[in-house]
Amino acid sequence: MKEQNNQSGKHGLRLAMTAMVVALTASAPSWAAEGPAAPAGGHGLAAFMGSYDTDRDGVVTREEYDTVRKQRFMAADTNRDGWLSEEEYVAEYEGRLKQQYAGRAQDERYAGSIKQAHVRFNILDTDRDGKLTVEEDIAIADKTFKQNDKNGDGKVDQADGVKK
């Protein structure tokens, strides 16, 4: 009986998570018709899926993830010197955040997100030289993907959000 209740609970959790992803995708603004549903990022599985599931099939492959990260890096490198300054890094993030805030006033959460982007840059710039290199970006990308691929199957999907 306990096994059956546990299975029912897992099924209910999967349904709730699926409904949440569907709701997030359905409520995406018109600019998000192609590409990730929530491109400014965030924490947790829903934010990861929204940021990197470019074909919106409920699965983030490593290829999708790497493609989005590369596009963001290249877009941020406005002077094309092959690395990102803190200003370039934050400006790229702020551009995505502004898209999410389209039609809404910038609030304390917006300001906090920008402040956090500065903090994030300083964490990612592991050698503290003021330059986020492709190598530093790849190192964090590897770590982040692995953290989100909790079951180690090489992709991130709803199964990675279900605790066993």
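Reckoned from all heavy atoms, side chains included, excluding hydrogens, waters and symmetry mates.
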* To do: Tell me yes or no: between the side chains of Tyr110 and Glu94, is some donor less than 3.5 Å from an acceptor?
  => yes

* To do: Considering only NZ, NE, NH1 and NH2 on the basic side and carboxylate oxygens on the acidic side, decide whether Asp137 and Arg72 come within less than 4.0 Å.
  => no

* Structure fact -> When rounded to the nearest 0.5 Å, the distance separating CG of Asp160 from CD of Gln147 is 12.5 Å

* Structure fact -> Rounded to the nearest 0.5 Å, the OG1 atom of Thr144 sits from the CG atom of Leu124 at a distance of 8.0 Å

* Whether Asp77 side chain and Gly82 backbone form a donor-acceptor pair below 3.5 Å -> yes

* **Point-to-point distance, once rounded to the nearest 0.5 Å, from OG1 of Thr126 to CD of Glu136** => 4.0 Å

* Asked: How far apart are the C-alpha atoms of Arg120 and Tyr89, what are their side-chain angles, what is the distance that settles it, and do they pass the side-chain hydrogen bond (donor to acceptor under 3.5 Å, both in side chains) test?
  -> CA-CA 9 Å; Arg120 217 171 26 253; Tyr89 178 84; 3.0 Å; yes

* Report the C-alpha separation of Val68 and Thr54 in whole Å, then their side-chain angles, then the decisive distance to 0.1 Å, and conclude whether the side chain to side chain contact (heavy atoms under 4.5 Å, CB included) test is met. => CA-CA 8 Å; Val68 170; Thr54 57; 3.4 Å; yes

* What pairs with Asp149 under salt bridge (Lys or Arg N to Asp or Glu O under 4.0 Å), at least two apart in sequence or on another chain? -> none

* Could you list the residues that satisfy ring-ring contact (aromatic ring centres under 6.0 Å, His included) with Tyr65, not counting sequence neighbours? => Phe48, Tyr52, Phe145

* Asked: Roughly how far, to the nearest 0.5 Å, is the CG atom of Asp53 from the NZ atom of Lys155?
  -> 12.0 Å

* Asked: Under a single-linkage definition using a 4.5 Å side-chain heavy-atom cutoff for Ile, Leu, Val, Met, Phe, Trp and Tyr, are Ile138 and Trp83 assigned to the same hydrophobic cluster?
  -> no

* Structure fact -> One should read off an interatomic distance between Gln116 CD and Leu97 CG, to the nearest 0.5 angstrom, of 12.5 Å

* Out of curiosity, His118 NE2 to Glu87 CD, how far, rounded to the nearest 0.5 Å? -> 7.5 Å

* Check for a donor-acceptor pair, side chain of Glu92 on one end and backbone N or O of Ala75 on the other, with a separation under 3.5 Å. => no

* Out of curiosity, does Ile140 fall in the hydrophobic cluster containing Tyr93 (side-chain heavy atoms, cut-off under 4.5 Å, transitive links)? -> yes

* Should side-chain heavy atoms under 4.5 Å link Ile, Leu, Val, Met, Phe, Trp and Tyr, which residues sit in the same cluster as Val119? -> Ile123

* Heavy-atom pair with the smallest gap, counting every atom of Asp125 and Arg128 -> O-NH1, 2.8 Å

* **Side-chain donor/acceptor of Gln106 to backbone N/O of Ala111, under 3.5 Å** => no

* Asked: Do you reckon Val156 sits in the same ILVMFWY cluster as Val59, going by side-chain contacts under 4.5 Å, direct or chained?
  -> no

* Asked: Does some side-chain heavy atom of Leu132 sit less than 4.5 Å from a side-chain heavy atom of Glu86?
  -> no

* Asked: What are the two closest heavy atoms between Ala76 and Glu88, and how far apart are they?
  -> O-CB, 3.2 Å

* Same cluster for Met74 and Val134 if Ile/Leu/Val/Met/Phe/Trp/Tyr side chains link at under 4.5 Å? -> no

* Considering only NZ, NE, NH1 and NH2 on the basic side and carboxylate oxygens on the acidic side, decide whether Asp142 and Lys146 come within less than 4.0 Å. => no

* Asked: Which heavy atom of Met49 sits nearest a heavy atom of Gly58, and at what distance?
  -> CE-O, 3.0 Å

